[in-house]
Amino acid sequence: MQAILSKIEQIELKARKLLHKNEVLSMENKELLEENVKLKTELQHLKKAKSVDSDISKNMDLFSTIDNKNVDRIKEALEEYIEEVDQCIKLL
């Protein structure tokens, strides 16, 4: 009879340890889930920021291309004006 009681006590002890471990793991799981939500939110913010940066970069490239075209046109116009001025000087 004593042996049976001893076994029952061992089983109860193991059950309490298992219950405690389950509670600890449940709390850890809850914390990890909360952290996961925070990280997902942060990732979404980073993706949006990267998208905005990409859009800005594309716009800057477009403006640069437009500026280069305008600079080329201005250079051509200045060269024409210089030629006209040179011709006028020769006539004098």
Side-chain angles (χ1 to χ4, degrees):
M1 183 73 170
Q2 187 65 24
I4 294 174
L5 289 176
S6 177
K7 286 285 186 184
I8 291 173
E9 288 175 359
Q10 289 176 358
I11 292 172
E12 286 177 349
L13 180 63
K14 287 181 182 179
R16 276 189 245 122
K17 286 182 180 179
L18 186 60
L19 182 61
H20 176 69
K21 188 170 187 173
N22 187 41
E23 290 172 356
V24 169
L25 289 175
S26 292
M27 289 173 51
E28 185 179 334
N29 189 39
K30 181 181 176 184
E31 291 171 1
L32 290 173
L33 287 172
E34 290 172 358
E35 182 180 0
N36 193 25
V37 169
K38 289 177 185 176
L39 290 172
K40 283 182 179 182
T41 303
E42 185 177 335
L43 179 61
Q44 288 175 346
H45 290 290
L46 289 173
K47 283 181 179 181
K48 286 179 184 178
K50 185 176 180 181
S51 175
V52 168
D53 286 344
S54 176
D55 290 344
I56 289 172
S57 177
K58 287 177 186 177
N59 288 338
M60 292 303 291
D61 290 343
L62 177 62
F63 288 136
S64 177
T65 302
I66 291 171
D67 287 344
N68 287 340
K69 288 180 182 178
N70 286 338
V71 168
D72 290 340
R73 282 192 228 146
I74 292 170
K75 283 182 182 178
E76 289 174 7
L78 285 174
E79 288 174 3
E80 290 177 14
Y81 293 139
I82 290 171
E83 287 178 21
E84 288 180 19
V85 168
D86 283 343
Q87 290 175 2
C88 289
I89 291 173
K90 287 179 184 177
L91 291 175
L92 293 175

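Because the structure is a prediction, the values reported are computed rather than measured.
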Value for NZ (Lys21) from NZ (Lys17), rounded to nearest 0.5 Å, stands at 11.0 Å
Separation of Leu5 CG from Gln2 CD (nearest 0.5 Å): 5.5 Å
The test is side-chain contact (heavy atoms from CB on, under 4.5 Å); show your working for Ile8 and Ile4 and say whether it passes. CA-CA 6 Å; Ile8 291 173; Ile4 294 174; 3.9 Å; yes
Thr41 (side chain) donor-acceptor with Val37 (main chain) under 3.5 angstrom: yes
Please report the interatomic distance CD1(Ile82) to CD(Glu79), rounded to the nearest 0.5 Å. 7.0 Å
Distance col, row Leu18:CG vs Ile11:CD1, nearest 0.5 angstrom, shows 12.5 Å
Salt bridge (Lys or Arg N to Asp or Glu O under 4.0 Å) pairs, two or more places apart, involving residues 24-38: none
Could you give the distance from CD (Gln87) to CD1 (Ile89), rounded to the nearest 0.5 Å? 10.5 Å
